[in-house]
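Take a look at this one; I'll ask things after.
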Amino acid sequence: MLFNLRPPNNPVDLDLELTMESGQPPHFLWDHACGRHTRIINGEKAEIWMEKGRLRFTEGFGDYARELLRLDDDLDAICSKISTDRTMECAVESCAGLRITKNDPWETLVCFVCSINNNIPRIRKMVRSLMVDGEVMPPEDMAAKDLSGLKLGYRDKFLKGCAEKVIGYEFEKIGLMDYGEAWKELQTFPGVGPKVADCVLLFGFGFLEAFPVDVWVLKSMKRLYGAKNERDARGKAALMWGEYAGYAQQYLFQSERSGCLIPKG
DNA sequence: ATCCAGGGTCTTA
DNA sequence: TAAGACCATGGA
């Protein structure tokens, strides 16, 4: 099976490698070898790869791939809207085909609790230590299991706390709230502050207006737009990029890390 | 040895 | 509301 991307056969519409390896949940949850991305979904092996400029995936995972890669997002239109100045134009150009991914909320929460004051390679190691049979262990198992010995640092108690809170809690209801309400609600979870909440809302619940401010994005927002602090960065992002601030954030994050972000023009 | 990493919590002023 | 100590771990 394959998808015709919009516009059809336009390779700029999806850079699968970049998207899957850009510090989003798939970077932590999927295996990656020989240009193929693999993991277990609902007990079955799923595989995604590019072939002759077209997206391919294991039979039966078409709907999953479409949701994961947000193939219904009009990337051209979104990139136009966030290209508010020369700097953002360059960021968008240098990361052509980078898409926001939509992941399972619980797995996303686990990923970004592990991300606290941490680096991407070690986040991946931690998340994988919390996976059983290819999937992040469900809240019930995480609440019951002894996490000491997994080298999670002080994050083990946060993960335990989140697992216990999610049990008997309609986690999906957060996706039905408006952004502001959902942002505040998520921060009642142990280990979830403003940044982790925005990551879970963006990558787990699909709120494209969420703007996670980590050290890289904060550095960009200070240098490029004179942001004074984290809160100020969020405010400026909301004003400049509004409903697509999440996409702007991912292009900023990727560009800042790869060092291809020009000062400002 | 010191700094840093997709930060949060808690205390203090 | 804002700043600072503290938190575990491993790589640079």
| request: Just jot down the side chain to side chain contact (heavy atoms under 4.5 Å, CB included) partners of A/Ser80, sequence neighbours excluded, or say none. | output: none

| said: Taking the basic N atoms (NZ, or NE/NH1/NH2) and the acidic carboxylate oxygens, is any pair closer than 4.0 Å for A/Asp31 and A/Arg128? | reply: yes

| note | Sorted by chain and residue number, the side chain to side chain contact (heavy atoms under 4.5 Å, CB included) partners of A/Ser83 (sequence neighbours excluded) come out as A/Glu89, A/Val92

| task | Kindly state each residue pair satisfying ring-ring contact (aromatic ring centres under 6.0 Å, His included) with at least one member in residues 77-133 of chain A, sequence neighbours excluded. | result | A/Phe112-A/Phe203

| request: Measure the distance from CG on A/Asn117 to P on B/dG7 and round it to the nearest whole Å. | output: 6 Å

| Rounded interatomic separation in angstrom, taking CZ from A/Phe112 and P from B/dG8 | 12 Å

| task | Using ring pair (Phe, Tyr, Trp, His ring centres under 6.0 Å) as the criterion, list what pairs up with A/Tyr169, not counting sequence neighbours. | result | A/Phe189

Listed pairs under 3.5 Å, donor-acceptor, residues 134-141 of chain A side chains, sequence neighbours left out:
{"from": "A/Glu135", "atom 1": "OE2", "to": "A/Asn42", "atom 2": "N", "distance (Å)": "2.8"}

| query | Taking atom P of B/dG7 as reference, at what distance in whole Å does atom NZ of A/Lys157 sit? | reply | 16 Å

| request: For B/dT11 and C/dA8, measure between their P atoms and round to the nearest Å. | output: 15 Å

| said: What is the distance, to the nearest angstrom, from the CH2 atom on A/Trp216 to the C1' atom on B/dG7? | reply: 15 Å

| field | Opening and closing nucleotides of DNA chain C in contact with chain A, under 4.0 Å to non-hydrogen atoms | value | C/dA2 to C/dG10

| remark: Residue set satisfying side chain to side chain contact (heavy atoms under 4.5 Å, CB included) with A/Ile78, at least two apart, ordered chain then number -> A/Asp73, A/Tyr244, A/Tyr247

| query | For atom P, what is the distance between C/dG4 and B/dC3, given to the nearest Å? | reply | 16 Å

| said: Base, sugar-phosphate or nothing for A/Gln250? Non-hydrogen atoms, less than 4.0 Å. | reply: base

| query | Of A/Ile116 and A/Lys125, whose closest DNA chain C nucleotide lies nearer the 5' terminus? | reply | A/Ile116

| task | Grab the CG-C1' distance between A/Leu186 and B/dG8 for me, whole Å please. | result | 14 Å

| query | Nearest-Å distance, CD1 (A/Ile120) to C1' (B/dG7)? | reply | 14 Å

| CA sep, side-chain torsions, deciding dist, call: A/Val166, A/Leu109, side chain to side chain contact (heavy atoms under 4.5 Å, CB included) | CA-CA 10 Å; A/Val166 167; A/Leu109 176 60; 4.2 Å; yes

| Listed by chain and number, what are the side chain to side chain donor-acceptor pair (under 3.5 Å) partners of A/Arg124, not counting sequence neighbours? | none

| request: In whole angstrom, give the distance that lies between atom CG of A/Leu218 and atom C1' of B/dC4. | output: 15 Å

| request: Could you note down all residue pairs passing ring-ring contact (aromatic ring centres under 6.0 Å, His included) where residues 71-94 of chain A supplies at least one of them, sequence neighbours left out? | output: none

| field | Of residues 148-156 of chain A, the positions that come close to DNA chain C - non-hydrogen atoms, cut-off under 4.0 Å | value | A/Lys151, A/Gly153, A/Tyr154, A/Arg155

Could I get a table of every N or O pair under 3.5 Å where one atom is in the protein and the other is in nucleotides 9-13 of chain B?
{"from": "B/dT9", "atom 1": "OP1", "to": "A/Gly191", "atom 2": "N", "distance (Å)": "3.2"}

| query | What residues form a side chain to side chain contact (heavy atoms under 4.5 Å, CB included) with A/Leu239, not counting sequence neighbours? | reply | none

